[in-house]
Amino acid sequence: MKLNENTLMEGQRVVLVPYNAEHVPRYHDWMKSPELQQLTASEPLTLEQEYNMQRSWREDDDKCTFIILDKQRWAEGGVEEEQCMIGDVNIFLTDRTDATLAELEIMIAEAAYRGRGIGKEVTSMMMCYGVTKLGIKKFQVKIGLDNEVSIAMFKKLQFHQVSVCKVFKEVTLEMEVNELVRTKLLSDNTHVKERDYRQTCNSKQELLSQGSSEPRNTKN
């Protein structure tokens, strides 16, 4: 999606950046993992196919993708952005007759970052972005029945189960964005800063020092 091609979002422990060509090799390596293929219901792609997918996600109006970076590592001098990648988060506008309905996907690919509340932080940031920038009024997630951790996380975020598909072995959960939900999303993300991606890449250390004085919530 062109809308976010130069957008960076700074959270407490993560930075969300556009999915660029230089991220593809690391992403491709992730998706060789049978575990991630199962958790994301994905088929392995060749590197060339992965580059084509990245270009599609950048150009198509119905896909909004951010790469998740470890904020502290990213701000360190001498560390390439690809070395800071820990996952990705996506919004897909799946219904051409209803642009306010979005399917949400999140993947924490690096196992060391799971179970630390990062998935919850990123999901909240992305939902707030979807509501304020894309006008989303309903979020939907489809999760493999074996992925109990993700199911539990979305239920904690007040998503409600609407169906189970035994054929595809997945559960569908939804959340309507009413005024209460919108207000909570805005309140929970007051600390999030939206920045110019290219400009911010040139001032990583300044970004970290500015954020160090902010209170950090390390709860899941």
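Because only heavy atoms are used, hydrogens play no part in the values below, and waters and symmetry mates are left out as well, while side chains stay in.
- In this structure the side chain of Val89 never reaches within 4.5 angstrom of the side chain of Thr123, judged on heavy atoms.
- Each of Val149 and Met153 belongs to its own hydrophobic cluster when Ile, Leu, Val, Met, Phe, Trp and Tyr are linked at side-chain heavy-atom distances under 4.5 angstrom.
- A donor atom on one side chain and an acceptor atom on the other are not found under 3.5 Å apart for Thr65 and Asp88.
- A donor-acceptor contact under 3.5 angstrom links the side chains of Gln140 and Glu174, judged on distance only.
- Using a 4.0 Å cut-off between charged nitrogen and carboxylate oxygen, Arg73 and Glu110 do not count as a salt-bridge pair.
- The closest side-chain heavy-atom distance from Met107 to Met31 is below 4.5 Å.
- When side chains are defined from C-beta on, Thr172 does not count as touching Val141, because their heavy atoms never get closer than 4.5 Å.
- Scanning both residues, Cys84 and Val79, for their nearest heavy atoms gives SG-CG1, 3.5 Å.
- Phe139 and Phe159 have tilted rings, their planes meeting at an angle from 30° to 60° on a 0 to 90° scale.
- Distance alone, capped at 3.5 Å, is enough to place a donor-acceptor pair between the Asn178 side chain and the Leu180 backbone.
- Residues Lys2 and Glu59 are in side-chain contact: their nearest non-hydrogen atoms beyond the backbone lie under 4.5 Å apart.
- Counting only heavy atoms from C-beta outward, the side chains of Trp30 and Met85 approach each other to under 4.5 Å.
- For Lys184, the NZ atom is loosely surrounded, since the number of other residues' heavy atoms within 6.0 Å does not exceed 12.
- Of all non-hydrogen atoms in Cys128 and Thr132, the two that sit nearest each other are O-OG1, 2.8 Å.
- Of the possible donor and acceptor atoms, none in the side chain of Arg198 sits under 3.5 Å from a partner among the backbone N and O of Thr7.
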Subject >> Step-by-step side-chain contact (heavy atoms from CB on, under 4.5 Å) determination, Glu22 to Glu80 >> reply: CA-CA 10 Å; Glu22 58 264 32; Glu80 295 294 329; over 6 Å; no
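- The pair Asp29-Arg26 does not count as a salt bridge, with every side-chain nitrogen at least 4.0 angstrom from each carboxylate oxygen.
- Pairing each heavy atom of Leu3 with each of Leu134, the nearest pair is CD2-CD2, 3.4 Å.
- The hydrophobic clustering, which links ILVMFWY residues whose side-chain heavy atoms are closer than 4.5 Å, places Val181 and Val131 together.
- Hydrophobic clustering (side-chain heavy atoms under 4.5 Å, transitive across Ile, Leu, Val, Met, Phe, Trp, Tyr) keeps Leu101 apart from Val177.
- Within a 6.0 Å radius of CG in Asp61, other residues, nucleotides and ligands contribute 12 heavy atoms or fewer.
- His23 pairs in a side chain to side chain donor-acceptor pair (under 3.5 Å) with only one of the listed residues (Gln54, Glu81, Glu50), which is Glu81.
- Using a distance-only test at 3.5 Å, with no hydrogens or angles considered, a donor-acceptor pair links the side chain of Arg114 to the main chain of Ile108.
- Between the CD atom in Gln37 and the CG atom in Leu45 there is a gap of 9.0 Å [rounded to 0.5 Å].
- Under the 4.5 Å side-chain heavy-atom criterion for ILVMFWY residues, a single connected hydrophobic cluster contains both Val164 and Ile151.
- Classification of the Trp57-Tyr27 ring pair by plane angle, with boundaries at 30° and 60°, yields perpendicular.
- Residues Tyr113 and Ile106 share a hydrophobic cluster, clusters being chains of Ile/Leu/Val/Met/Phe/Trp/Tyr side chains in contact below 4.5 Å.
- Across all their heavy atoms, Ser124 and Asn189 have their closest contact at OG-ND2, 2.9 Å.
- Separation of atoms CD (Glu170) and CG (Leu145) is listed at 8.0 Å; rounding is to 0.5 Å.
- At least one donor-acceptor pair closer than 3.5 Å links the side chain of Asp196 to the backbone N or O of Gln199.
- In this structure the side chain of Asn6 never reaches within 4.5 angstrom of the side chain of Pro18, judged on heavy atoms.
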Subject >> Working for side-chain contact (heavy atoms from CB on, under 4.5 Å), residues Asn4 and Tyr129 >> reply: CA-CA 10 Å; Asn4 74 315; Tyr129 183 86; 3.4 Å; yes
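- Closest heavy-atom contact between Ala102 and Ile91: CB-CG2, 3.7 Å.
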Original post:
Could you walk me through whether Glu194 and Lys133 pass the side-chain contact (heavy atoms from CB on, under 4.5 Å) check?
Top reply: CA-CA 12 Å; Glu194 185 175 324; Lys133 303 296 185 181; 3.2 Å; yes
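- Side-chain contact check for Val171 versus Leu173: some heavy-atom pair is nearer than 4.5 Å.
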Original post:
Phe154 and Leu104: side-chain contact (heavy atoms from CB on, under 4.5 Å), yes or no, with the steps?
Top reply: CA-CA 11 Å; Phe154 279 101; Leu104 184 65; 3.9 Å; yes
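- Across every non-hydrogen atom of Cys64 and Met1, the tightest pair is CB-SD, 3.9 Å.
- One finds no salt bridge joining Lys137 and Glu176 here, because no Lys/Arg side-chain nitrogen approaches an Asp/Glu carboxylate oxygen to under 4.0 Å.
- Residues Leu8 and Trp74 have side chains in contact (heavy-atom distance under 4.5 Å, counting atoms from C-beta outward).
- Side chain of Arg13 to backbone of Glu121: no donor-acceptor contact under 3.5 angstrom is found.
- Distance alone, capped at 3.5 Å, places no donor-acceptor pair between the Lys71 side chain and the Glu10 backbone.
- Judged by distance alone, the side chain of Ser56 and the main-chain N or O of Asn52 form no donor-acceptor pair under 3.5 Å.
- When atom types are taken as modelled, the side chain of Thr40 and the backbone of Leu36 share a donor-acceptor pair closer than 3.5 angstrom.
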